[in-house]
Amino acid sequence: MEVTTVFGNGFQSVFCFSTIRPIKNSQPSTAAFATPPPQTVSTSTSSNGGINKHGEVRSKPTNVSRKVSRNPSVSHKTRESAIQDIQNSSELASALLRSGEVLKAQDLNVVLRHFGKLNRRKDICQLFDWMREHGKTNIASYSSYIKFIGRDSNSMKALEIYNSIKDESTRNNVSVCNSTLYCLIKSGKFESSLKLFNQMKQAGLIPDIVTYSTFSSLFKFVKEGLRRNAETFLWNLILFPEQLLLVGCVKAKGGYFKAMELVREIKSRGLPMDMVVYGTLISVCASNNQCEEAEKYFNEMKSEGHSPNVFHYSSLLNAYAVDGNYKKADELIEEMRSAGVVLNKVILTTLLKVYVKGGLFEKSRELLDELQALGYAEDEMPYCLLMDGLAKSGKLTEAKSIFDEMRQKDVKNDGYSYSIMISALCRGRLIEEAKQLACEFEIKYDKYDVVILNSMLCAYCRSGEMENVMKTMKKMDESAISPDWNTFHILIKYFCKERLYLLAYRTIEDMHRKGHHPEENLATTLVNHLGKTGAHAEAFSVYNMLRYSKRTINKALHEKIVHILVAGGLLKDAYVVVKDQAKSISQSVIKKFATSFMRKGNINLVNDVIKSIHSSGYEIDQDIFHMAICRYIEQSEKKELLLHLLQWMPGQDYSVDSSTRNLILTNSHLFEDHSITELLSKHYTVSKTNKSHERRTR
DNA sequence: GTAGGGTTAG
């Protein structure tokens with residue numbers, strides 16, 4: 001078949017999915033935690049050994065600071081204008097020369113923050129260097145500066161600055177520490193931040209609520225898919241221990257539960273919760289469908305005297321969208337109105353989401369009109385919400401008309417609306433239309449992500465456009481977009497439909513390697529197909545994927561795989577399954593397996609197999625014993641195994657029948673006479689007892 | 001006089 005050759009040739013290059021998007025570096029950097037380097041820039045703060053409660057230099061001033069302290073009468077106005085001069089100057093160095101001297105550390109911090117706001121990186125660095133050289137830094141300068149440096153993910157530089165701080169009280173200051181930790185976390189260096197955090201604690205840092213909320217930004221990383229790193233880290237963090245216990249529990253729980261642990265930890269330390277932490281919590285609850293919890297934190301926050309801001313409101317509104325609770329949403333909107341909070345674009349869009357989820361399509365349409373009138377419908381978002389809701393409640397025609405309206409109005413398109421429509425059309429079995437739309441997207445846009453590619457793949461697979469399937473996969477590989485669980489599923493289903501079972505197998509193997517677990521039904525279908533087409537070992541491999549990724553699987557599959565393995569002569573593998581899953585396998589299948597094993601299985605395992613199926617409750621028939629004994633006699637070097645079997649049988653109320661006994665007696669030259677006669681007499685006793693027992697029960 | 005987060009779409 002032509003199709004097979006296309007894949008046969010293209011498989012390696014097209015299907016390798018070799019390009020995994022790199023995960024942000026989480027390796028601890030050894031250099032990062034080395035002893036602080038010797039200070040190269042001279043600062044007055046440390047060498048003079050004193051900082052007052054404002055973090056300013058006290059006692060024994062340097063030449064520079066002497067000038068300032070000698071000149072305390074520098075008026076507020078003079079300093080103001082000096083600040084302005086530096087901020088507005090295009091030549092920072094000369095401005096500092098001109099106006100810097102009259103300024104104190106806190107004045108220069110104003111400038112530093114000003115540059116920070118404008119992202120004037122070069123000026124920030126230059127100013128800070130100047131401040132250090134002139135001994136005009138305090139705690140605030142360090143915490144701001146470190147934050148700005150780390151903002152560009154330059155965590156190494158931030159750490160360098162931190163390590164260069166000689167003064168102990170500055171280095172142990174909680175804001176300085178929080179700033180530094182923030183930089184590491186922002187650049188994904190979770191492990192390093194934990195290490196540093198422990199070091200800081202040992203040196204005397206007492207973590208505060210900001211420290212906790214700094215670390216809680218990891219919830220975002222969890223959401224964005226840096227799952228494993230962030231989750232492991234979060235768990236370690238929540239336990240907040242010196243020793244990292246219970247790391248193994250990481251996988252068992254989701255981000256939401258970790259957030260709850262974090263709350264418990266904060267509360268048990270007696271730290272007051274603040275607006276920021278509440279904001280994080282409400283948002284985490286909302287995005288984990290924990291509507292009541294979100295509401296609980298929202299009310300708790302209010303009862304503690306905090307007034308919610310627009311973000312708190314929108315998070316809670318989003319929680320109401322989960323089950324389309326428009327009543328509560330409307331109430332909340334009223335509350336916002338009376339609290340004077342502006343109903344912005346996001347709030348109204350989220351309200352639309354609530355209405356859509358609640359099935360209020362007329363009201364949704366009205367709200368969309370309102371959004372349009374307010375100029376809040378210039379991007380896809382509100383249209384997508386409505387389209388998706390309509391499509392998912394079977395109103396495909398209405399969804400299509402929203403899509404058309406959107407295109408007519410020249411709304412900014414990022415591909416979301418296409419993937420909604422393509423998926424909706426696929427679900428509605430309008431495959432040809434789905435394909436058309438996928439093609440249209442390809443012609444018009446050159447922007448892909450895994451979801452749009454999945455929906456295109458889905459359309460092409462459903463319409464059997466092999467060439468387009470190939471092209472899309474290639475695109476995925478070239479754009480370094482990692483296939484996700486959906487991608488694998490779409491492809492495996494498609495390959496099964498096209499009877500390309502080995503290709504489906506390679507795909508599921510790849511899926512497994514990447515840590516995705518296939519759905520049981522799909523894997524079972526594949527096991528069956530592989531079994532039927534003679535790919536017995538591959539079928540077994542898929543069976544094992546299921547077996548080791550799920551706690552329970554359909555019992556029928558165990559039996560099925562035994563059939564397949566017996567048919568393929570993979571008797572040792574079949575034995576493993578029978579031994580582990582005996583309870584799920586019927587007597588007739590055990591018999592079939594045992595018969596095959598007696599005939600063709602590894603002779604050294606024959607006794608093991610007999611004992612094993614016996615102990616699983618299967619009563620072994622005479623012909624099984626007969627076959628086993630025949631094989632032993634044929635291979636006389638295995639006579640020890642035969643003796644062992646004959647010794648074992650009477651103990652379990654088994655005896656050989658007359659034909660088997662005759663067979664043994666004919667070959668008695670193989671044994672020392674007395675041992676075999678003795679054994680057979682034991683068998684005779686057993687068979688007599690059994691027969692009389694049978695008579696009595698009859 | 002310094003540090004932390006957060007809302008909507010496939």
Side-chain angles (χ1 to χ4, degrees), chain A residues 53-56 104-107 109-110 112-113 116 137-148 150 170 173-183 185-186 207-220 223 259 274-287 294 308-319 321 343-354 356-357 371 376-377 379-389 391-392 406 411-424 441 449-456 458 486:
Chain A
K53 68 173 178 176
H54 301 296
E56 290 164 359
K104 297 181 182 176
Q106 64 262 43
D107 303 321
N109 289 346
V110 173
L112 196 65
R113 290 196 296 274
T137 54
N138 59 21
I139 284 171
S141 328
Y142 277 98
S143 49
S144 293
Y145 182 63
I146 290 171
K147 178 178 83 168
F148 295 141
T170 308
N173 176 274
V174 67
S175 355
V176 175
C177 290
N178 287 343
S179 254
T180 312
L181 291 169
Y182 171 82
C183 295
I185 290 171
K186 273 287 125 77
D208 66 0
I209 191 77
V210 179
T211 321
Y212 279 95
S213 78
T214 302
F215 280 124
S216 77
S217 73
L218 281 163
F219 295 129
K220 206 177 113 203
K223 227 168 132 186
D274 67 5
M275 296 277 283
V276 175
V277 172
Y278 274 120
T280 307
L281 286 174
I282 297 167
S283 142
V284 168
C285 289
S287 51
N309 64 23
V310 70
F311 293 106
H312 298 107
Y313 278 113
S314 63
S315 295
L316 184 59
L317 204 56
N318 192 32
L343 305 182
N344 65 14
K345 182 171 149 184
V346 176
I347 293 286
L348 292 176
T349 311
T350 311
L351 184 63
L352 178 66
K353 184 179 165 185
V354 179
V356 167
K357 283 273 166 71
L371 282 161
Y376 291 168
D379 60 36
E380 285 183 290
M381 189 99 69
Y383 298 92
C384 287
L385 281 166
L386 187 50
M387 269 166 48
D388 195 42
K392 281 182 180 155
M406 207 192 107
V411 172
K412 197 172 154 269
N413 199 317
D414 278 318
Y416 285 98
S417 54
Y418 275 91
S419 68
I420 290 167
M421 280 318 292
I422 294 169
S423 310
F441 179 84
D449 65 19
V450 70
V451 182
I452 185 75
L453 285 170
N454 282 348
S455 58
M456 285 165 56
C458 189
N486 272 321

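The sequence lines fix the lettering, A, B, ..., with proteins before strands; numbering per chain opens at 1. Bear in mind that the values here come from a model prediction, so they are computed numbers and not experimental data.
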Round to the nearest Å and state the distance from [X] atom [atom1] to [N] atom [atom2].
X: Leu316(A); N: dT8(B); atom1: CG; atom2: P; result: 13 Å
X: Asp274(A); N: dG4(B); atom1: CG; atom2: C1'; result: 8 Å
X: Phe311(A); N: dT8(B); atom1: CZ; atom2: P; result: 11 Å
X: Lys412(A); N: dT8(B); atom1: NZ; atom2: P; result: 17 Å
X: Asn344(A); N: dT7(B); atom1: CG; atom2: C1'; result: 8 Å
X: Asp449(A); N: dA9(B); atom1: CG; atom2: C1'; result: 12 Å
X: Asp388(A); N: dG10(B); atom1: CG; atom2: P; result: 5 Å
X: Asn318(A); N: dT7(B); atom1: CG; atom2: C1'; result: 7 Å

For residues [X] and [Y], determine if any side-chain heavy atom of one lies less than 4.5 Å from a side-chain heavy atom of the other.
X: Ile452(A); Y: Tyr418(A); result: yes
X: Asn178(A); Y: Asn173(A); result: no
X: Asn138(A); Y: Lys104(A); result: no

Counting the atoms with a prime plus P, OP1 and OP2 as sugar-phosphate, which does [X] contact under 4.0 Å by heavy atoms, base, sugar-phosphate, or nothing?
X: Val176(A); result: nothing
X: Met421(A); result: nothing
X: Asp208(A); result: base
X: Ser423(A); result: nothing
X: Asn309(A); result: base

Using salt bridge (charged side-chain N to carboxylate O under 4.0 Å, His left out) as the criterion, list what pairs up with Lys345(A), not counting sequence neighbours.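 Result, salt bridge (charged side-chain N to carboxylate O under 4.0 Å, His left out) vs Lys345(A): Asp379(A).
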With respect to the phosphate group of [N], does any side-chain polar atom (N or O) of [X] fall under 4.0 Å of OP1 or OP2?
X: Asn109(A); N: dG1(B); result: no
X: Lys353(A); N: dA9(B); result: yes
X: Lys392(A); N: dA9(B); result: no
X: Lys147(A); N: dG4(B); result: yes
X: Asn138(A); N: dG1(B); result: yes

Between the side-chain atoms of Ser419(A) and the base atoms of dG10(B), is any donor-acceptor pair under 3.5 Å?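 Such a pair is found, so the answer is yes.
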| Can you find a donor-acceptor N/O pair under 3.5 angstrom joining the side chain of Thr214(A) to the base of dG4(B)? |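 Donor-acceptor pair under 3.5 Å: no.
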task: For Ser179(A), enumerate each residue passing the side-chain contact (heavy atoms from CB on, under 4.5 Å) test, keeping only those at least two apart in sequence or located in another chain.
output: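 Here the qualifying residues are Ser143(A), Ile146(A), Lys147(A).
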